Amino acid sequence: MEPTAGAAAAPVSSDFIRDIVADDLRTGKHAGGVHTRFPPEPNGYLHIGHAKSICLNFGVAAEFGGRCNLRYDDTNPAREDVEYVESIQEDVRWLGFDWADRTFFASDYFETMYEYAQTLIREGHAYVDSLTADEIRNYRGTLTEPGRNSPYRDRPSDESLDLFQRMRAGEFADGTHVLRASIDMTSPNMNMRDPTLYRIRHASHHRTGDAWSIYPTYDYAHPISDALEGITHSLCTLEFEDHRPLYDWVIEHTRPPSRPQQIEFARLNLNYTVMSKRKLLALVEQKLVNGWDDPRMPTIAGIRRRGFTPEAVRDFCSRIGVAKKENVVDFALLEHTVREDLNRRAQRALAVLRPLKVVIDNYPADRDEMVDAVNNPEDASAGTRRVPFAREIYIDRDDFMEVPPKKFFRLSPGVEVRLRYAYIVKCERVVKNEAGEPVELHCTYDPESLSGSTAARRVKGTLHWVSARHAVDAEVRLYDRLFKSADPEDDGRDALTDLNPQSLERLTGCKVEPSLAEASVGERLQFERLGYFCVDPDSRPDAPVFNRTVTLKDSWAKISARTS
Ligand code: ATP
Ligand code: MG
């Protein structure tokens with residue numbers, strides 16, 4: 001591709017949308033520019049599906065030297081809120097995208113939309129209908145039967161204009177009149193059967209307050225907003241494909257200053273979760289999760305708190321690609337991408353989730369030794385750190401079995417294991433409680449076996465540990481799938497009845513190495529042998545709280561072939 005004025009490097013990998021945009025640039029359509037927008041409705045928090053749309057809209061603009069606007073599609077005052085407006089900006093920024101000062105609201109254009117509507121009425125392309133909502137539904141027909149014209153369809157345009165102005169002035173109750181486009185009640189496309197352009201809603205809007213008592217529909221507001229912003233490629237999800245003729249009709253008949261082009265792509269569907277904002281809101285309102293940023297939620301705020309990185313989310317979006325065909329992506333692919341990113345970047349640490357005390361009987365009680373630990377084997381520049389070792393340590397309960405099965409290369413009576421970065425120890429004796437559970441192990445260590453020393457031997461198992469005296473108490477939250485089924489809404493089931501009761505496990509009394517006392521909120525770590533973790537905002541000084549971001553290995557699924 002010949003670089004056009006201001007064009008950035010050619011896209012890394014193409015798809016049908018990028019092909020269209022490249023073609024349009026070549027042929028000089030849209031005056032040779034590329035301008036996209038991300039158009040969320042501020043009626044909930046953004047989710048991972050939105051991330052696909054964000055990466056696409058901002059990505060296409062950046063790759064082709066264009067711009068992308070953030071535009072709130074705020075035409076439905078009843079469900080919208082400033083809390084959502086703010087969270088959306090935070091989330092898009094976190095994903096790594098910048099829209100400079102181009103924050104727009106559909107409500108910014110209400111006055112222009114209203115003027116355009118008056119023109120439509122004057123030119124005979126719109127009329128005020130005074131049927132009730134039920135009657136309008138009956139007149140609309142079905143997929144197999146044509147609709148019928150409303151008796152108000154032919155009312156004089158002066159009468160419609162007068163009614164429309166009085167609708168705006170607030171003279172009528174909700175539902176008494178609507179403004180409809182006059183298109184074709186027999187169209188095989190239901191969207192073209194005189195669609196509603198304006199409804200009466202006596203509702204306060206989060207930006208325009210009580211200035212309006214009529215609000216435009218999405219189908220009317222969206223193309224006009226696009227056109228007023230000079231959007232060239234209006235990218236949206238497939239369910240709007242049947243709305244495209246209406247999109248084009250609105251542009252053609254309102255004659256705004258530019259002609260955007262709507263292009264549809266398949267939305268992202270992920271298994272084991274839901275992405276309808278209505279469902280996510282229900283989870284929050286019914287307190288089935290702890291807010292929009294609960295780390296189990298598929299929201300951007302949730303996965304951020306969980307410890308997912310923006311780099312991994314962007315990488316995920318580029319891996320899944322953009323196509324015209326709906327499919328369901330395995331949640332494990334997203335986790336796999338996160339794991340790959342964290343493996344490269346996360347500093348390693350030692351932590352014990354379910355502590356079992358180990359006393360090393362032949363190690364001096366008053367000795368404080370520092371051992372060298374590698375910060376990141378994937379990144380030599382991350383260096384090493386000093387971790388305290390002492391006579392009493394904790395290991396994880398799972399790493400000891402009194403009667404081990406075959407191939408249990410961890411600790412059991414008479415067996416030797418290496419303590420990571422430290423010595424080889426051998427279990428000599430088990431102290432049990434009345435229930436017969438091990439509560440303390442007595443071991444001996446081999447003083448010649450310090451990790452890295454020339455005399456060091458090799459043994460089968462290596463365990464993580466922390467020094468009992470130096471460790472910091474921590475809370476660790478383990479997460480599992482929020483829903484039990486791959487498709488929580490299968491067979492029309494209400495997803496809220498499919499919640500996984502084990503989706504959150506809170507472990508208190510965990511022990512982490514002392515360097516983590518000061519870990520800052522959002523910091524991501526690998527707890528060796530346990531997974532990737534991230535410091536939760538609930539952390540207090542000397543009382544850190546960690547979220548498990550992902551396990552070290554994929555315990556769930558066959559990751560789809562394309563990632564291997
Ligand atoms: P909901 O139906 O749950 O309210 P929505 O699609 O109406 O979601 P919007 O705020 O209107 O949510 O979405 C903003 C943009 O993000 C739209 O362009 C929409 O098509 C896109 N989008 C929403 N969900 C997905 C998804 N799962 N995959 C890709 N794009 C999506
Ligand atoms: Mg929407």
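Ligands are counted one by one from 1 in listed order, and the atoms in each one are counted from 1 as well. As the structure is a prediction and not an experimental result, all values here were calculated from the model.
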For [X], the ligand 1 atoms whose distance to one of its heavy atoms is below 4.0 Å:
X: Pro39; result: 14 (C), 18 (O)
X: Leu268; result: 26 (C), 27 (N), 28 (N), 29 (C)
X: Pro40; result: 10 (O), 14 (C)
X: Arg267; result: 6 (O), 24 (N), 25 (C), 26 (C), 27 (N), 28 (N), 29 (C)
X: Met275; result: 3 (O)
X: Thr237; result: 19 (C), 20 (O), 29 (C), 30 (N), 31 (C)
X: Ser276; result: 3 (O)

Axial cation check for Tyr114 ring with Arg168, 6.0 Å and 45° limits: yes
Do [X] and [Y] have side-chain N/O donor and acceptor atoms under 3.5 Å apart?
X: Arg102; Y: Asn69; value: yes
X: Ser503; Y: Asp480; value: no
X: Ser130; Y: His177; value: yes
X: Glu505; Y: Tyr479; value: no
X: His222; Y: Gln262; value: no
X: Arg199; Y: Thr217; value: no

So between Arg79, Glu41, Lys277, whose heavy atom ends up nearest atom 5 (P) of ligand 1? Lys277
Under 3.5 Å, N or O to N or O, is Leu235 touching ligand 1 that way? no
N or O contact, Asn43 vs ligand 1, cut-off under 3.5 Å: no
Can Asp538 and Arg305 be counted as an ion pair, charged N to O under 4.0 angstrom? yes
For Phe38 and ligand 1, answer yes if some heavy atom of the residue is under 4.0 Å from a ligand atom, otherwise no. yes
Looking at ligand 1, is there an atom of it that comes within less than 4.0 Å of some heavy atom belonging to Lys279? no
Mind checking whether His47 contacts ligand 1 via backbone (N, CA, C, O), side chain (CB onward), both or neither, at a 4.0 Å heavy-atom cut-off? side chain
Enter the distance from His125:NE2 to Leu197:CG here, rounded to the nearest 0.5 Å. 12.0 Å
